[in-house]
Amino acid sequence: MAHTYALIAEVTVPAPRLEQSSSELQVEQQGPTARPEDGLASETEAEPDPNSAVPSLLVRAHQVVVAAGGTMYSSDLAETLGVGAQQLGTELTKILRTAGVTRPKNGAVSPARGMPARSGFTAETLATAIATYRIRAELAGM
């Protein structure tokens with residue numbers, strides 16, 4: 001059963017507090033990224049992270065989950081991003097693992113009270129991974 005989520009055209013991804021602005025950081029891209037041939041990139045892709053250390057799939061997923069209210073089933077997130085659910089789960093879990101971030105309750109989420117818990121993602125977990133990638137980029141530049 002698919003669920004309907006309202007999407008906001010643009011959502012700002014919160015950045016952790018850094019002594020340097022992200023535009024001052026000069027870091028080569030690290031970690032897994034979405035590639036067009038993987039079917040994970042699109043023309044309506046969110047703007048890449050200014051320091052390019054955060055995988056674009058992670059940024060896009062975070063924006064969608066925030067717009068949906070902070071919690072979203074994997075299948076619905078995949079549908080919204082236009083990718084297969086298994087492919088999204090594999091890639092996004094790999095990105096989180098690379099950042100050392102785990103999903104609470106083995107990834108089981110419930111988007112609203114009374115809804116069943118299924119595999120999914122929370123905005124908080126995705127934001128933690130984004131912050132980790134940015135902090136690692138800052139430390140790599142020191």
Side-chain angles (χ1 to χ4, degrees), residues 1-140:
M1 168 177 20
H3 299 278
T4 304
Y5 296 93
L7 295 179
I8 300 172
E10 290 187 21
V11 178
T12 303
V13 178
R17 304 258 186 240
L18 301 176
E19 291 181 23
Q20 293 177 299
S21 74
S22 59
S23 61
E24 294 172 337
L25 295 174
Q26 297 296 320
V27 180
E28 290 185 30
Q29 188 157 347
Q30 302 169 355
T33 58
R35 298 181 306 230
E37 61 271 18
D38 292 336
L40 296 175
S42 69
E43 286 99 33
T44 60
E45 185 173 316
E47 283 190 36
D49 187 73
N51 67 16
S52 71
V54 181
S56 62
L57 176 61
L58 177 58
V59 173
R60 290 171 46 221
H62 180 259
Q63 291 172 334
V64 170
V65 172
V66 166
T71 305
M72 198 169 187
Y73 291 139
S74 297
S75 57
D76 294 335
L77 178 58
E79 184 178 322
T80 303
L81 293 173
V83 298
Q86 185 173 1
Q87 182 181 12
L88 174 77
T90 300
E91 291 298 316
L92 203 47
T93 300
K94 190 183 307 181
I95 289 169
L96 293 176
R97 190 178 312 117
T98 300
V101 175
T102 58
R103 296 185 293 166
K105 300 179 186 176
N106 292 324
V109 300
S110 178
R113 188 179 184 139
M115 293 182 75
R118 295 190 341 220
S119 178
F121 295 90
T122 65
E124 182 179 0
T125 298
L126 299 174
T128 300
I130 290 170
T132 300
Y133 276 99
R134 288 181 175 159
I135 289 169
R136 285 181 181 175
E138 179 185 16
L139 294 174

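- Nearest heavy-atom pair, Ala99 versus Tyr133, reported as atom, atom and distance to 0.1 Å: CB-CE1, 3.6 Å.
- Of all non-hydrogen atoms in Met72 and Val109, the two that sit nearest each other are O-CG2, 3.8 Å.
- Residues Leu88 and Thr93 fail the side-chain proximity criterion, which asks for heavy atoms closer than 4.5 Å.
- The closest side-chain donor-acceptor pair between Ser75 and Arg118 falls under 3.5 angstrom.
- In this structure the side chain of Val54 reaches within 4.5 angstrom of the side chain of Arg134, judged on heavy atoms.
- The distance from atom CG of Leu139 to atom CD1 of Ile135, rounded to the nearest 0.5 Å, is 7.5 Å.
- Exactly one of Val101, Thr90, Leu58, Leu126 qualifies for a side chain to side chain contact (heavy atoms under 4.5 Å, CB included) with Ile95. That residue is Leu58.
- Under the side-chain contact (heavy atoms from CB on, under 4.5 Å) criterion, Ala123 pairs with His62, Val65, Val66, not counting sequence neighbours.
- Side chains of Thr125 and Thr122: a donor on one and an acceptor on the other come within 3.5 Å.
- In this structure a side-chain-to-backbone donor-acceptor pair under 3.5 Å is present from Arg103 to Gly120.
- Using a 4.5 Å heavy-atom cutoff, the side chains of Phe121 and Leu96 are in contact.
- Donor-acceptor pairing under 3.5 Å is recorded for the side chains of Ser119 and Ser74.
- Atom CZ of Arg60 sits about 10.5 Å away from atom CG of Leu92, to the nearest 0.5 Å.
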